[in-house]
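Each remark here refers to the structure printed beneath this line.
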Amino acid sequence: MLEYFPFPQTFPLGLGDGQFYSWTDGLRRKDWHDYESIQKEAMRSGKGEHGKPYPLTEEDHDDSAYRENGFNIFVSNNIALERSLPDIRHANCKHKMYLERLPNTSIIIPFHNEGWTSLLRTIHSIINRTPESLIAEIILVDDFSERGKIQLITFYLILLPFM
């Protein structure tokens, strides 16, 4: 059984300095939260930030964008690649501590004729919100897209400094 640590009802413990705690099971836990990034994201404002709607003018409405991508690519192209996202976790999950040593993982993203900016936003989200030590690789799998292959070369060049 794990030891009980009372948590405040407001903001998480604020232990972002990498403090460790040992549970009765002998395994050390770590607070993996990046509180500085969380606070910076909370301060962001703009179209599409925090998952809020992007207001469209009459001339911005274009049904062809929906037919090609399943969403409005004009809007996607005008939302920041490193946009903020709302934290939709249950309040108790915001205080959870994980093992000090976690295995890294490969992240596989299959796509087919994906809108360029939405795919880039996904990659930025992964890189910006995951501790570097936990990512072994990011693999993009083009599921027989009909669009040009030059995009894949660009993806590789974007990811190269990260690898």
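The structure presented is a predicted model; accordingly, all values stated were derived computationally and were not measured. Throughout, numbering of the chain's residues begins at 1 and tracks the sequence.
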Query raised in the report: Can you tell me if E41 and S37 form a side-chain donor-acceptor pair at under 3.5 Å?
Result: no
Query raised in the report: Which atoms form the tightest heavy-atom contact between E137 and S106, and what is the distance?
Result: OE2-OG, 2.7 Å
Report summary line: Sorted by chain and number, sequence neighbours left out, side-chain contact (heavy atoms from CB on, under 4.5 Å) with S45 holds for none
Query raised in the report: Under the side chain to side chain contact (heavy atoms under 4.5 Å, CB included) criterion, do D143 and N113 qualify, and how do the steps go?
Result: CA-CA 8 Å; D143 193 9; N113 289 342; over 6 Å; no
**Report entry** Derivation of the side chain to side chain contact (heavy atoms under 4.5 Å, CB included) call for I138 and I127
**Finding:** CA-CA 9 Å; I138 299 173; I127 292 170; 3.9 Å; yes
Query raised in the report: Can you name the closest pair of heavy atoms from R121 and L81 and give their distance?
Result: CG-O, 3.1 Å
Query - Gap separating the CG atom of L119 from the CG atom of D142, nearest 0.5 angstrom - result: 9.5 Å
**Report entry** Shortest non-hydrogen contact between I73 and G115, atoms and distance
**Finding:** CD1-CA, 3.8 Å
Query raised in the report: Where do I79 and Y54 land on the side chain to side chain contact (heavy atoms under 4.5 Å, CB included) test, with the steps shown first?
Result: CA-CA 8 Å; I79 294 175; Y54 184 103; 3.9 Å; yes
Query raised in the report: In chain order, what residues pass the side-chain contact (heavy atoms from CB on, under 4.5 Å) check against T105, with sequence neighbours excluded?
Result: I107
Query raised in the report: Taking H90 for the side chain and N92 for the main chain, is one N or O donor matched with an acceptor at less than 3.5 Å?
Result: yes
Requested in this report: Indicate whether any N or O donor in one side chain lies under 3.5 Å from an N or O acceptor in the other, for S125 and R83.
Outcome: no
**Report entry** Closest heavy-atom pair and its distance - S118, S76
**Finding:** N-OG, 3.6 Å
Query - Donor-acceptor pair, side chain of H50 and main chain of P86, under 3.5 angstrom - result: no
Query raised in the report: So, R29 side chain and L27 main chain: donor-acceptor pair closer than 3.5 Å or not?
Result: yes
Query raised in the report: Could you go step by step and tell me if V75 and L56 meet the side chain to side chain contact (heavy atoms under 4.5 Å, CB included) rule?
Result: CA-CA 8 Å; V75 170; L56 289 172; 3.4 Å; yes
Report summary line: The remaining residues in the hydrophobic cluster of V141, counting side-chain heavy-atom contacts under 4.5 Å among Ile, Leu, Val, Met, Phe, Trp and Tyr, are I108, I139
Report task. For P131, check side-chain contact (heavy atoms from CB on, under 4.5 Å) against everything at least two apart and list the hits. Result -> W32, S133, L134
Query raised in the report: Which value, rounded to the nearest 0.5 Å, describes the distance between I123 atom CD1 and N128 atom CG?
Result: 11.5 Å
Query raised in the report: Taking only residues two or more places apart in sequence, or in another chain, which ones meet T122 in a side-chain contact (heavy atoms from CB on, under 4.5 Å)?
Result: I109, I126
Query raised in the report: What pair of heavy atoms forms the shortest contact from M97 to D31, and how long is it?
Result: SD-N, 3.7 Å
Report task. Sort and list the pairs that fulfil salt bridge (Lys or Arg N to Asp or Glu O under 4.0 Å) and have at least one residue in residues 42-52, not counting sequence neighbours. Result -> R44-E49
Requested in this report: Report yes or no: does H33 contribute a side-chain atom to a donor-acceptor pair with the main-chain N or O of K94 at less than 3.5 Å?
Outcome: yes
Query - Non-hydrogen side-chain atoms of N78 and T117 separated by less than 4.5 Å - result: no
Requested in this report: Identify whether the distance between the nearest side-chain nitrogen and carboxylate oxygen of E100 and R28 falls below 4.0 Å.
Outcome: yes
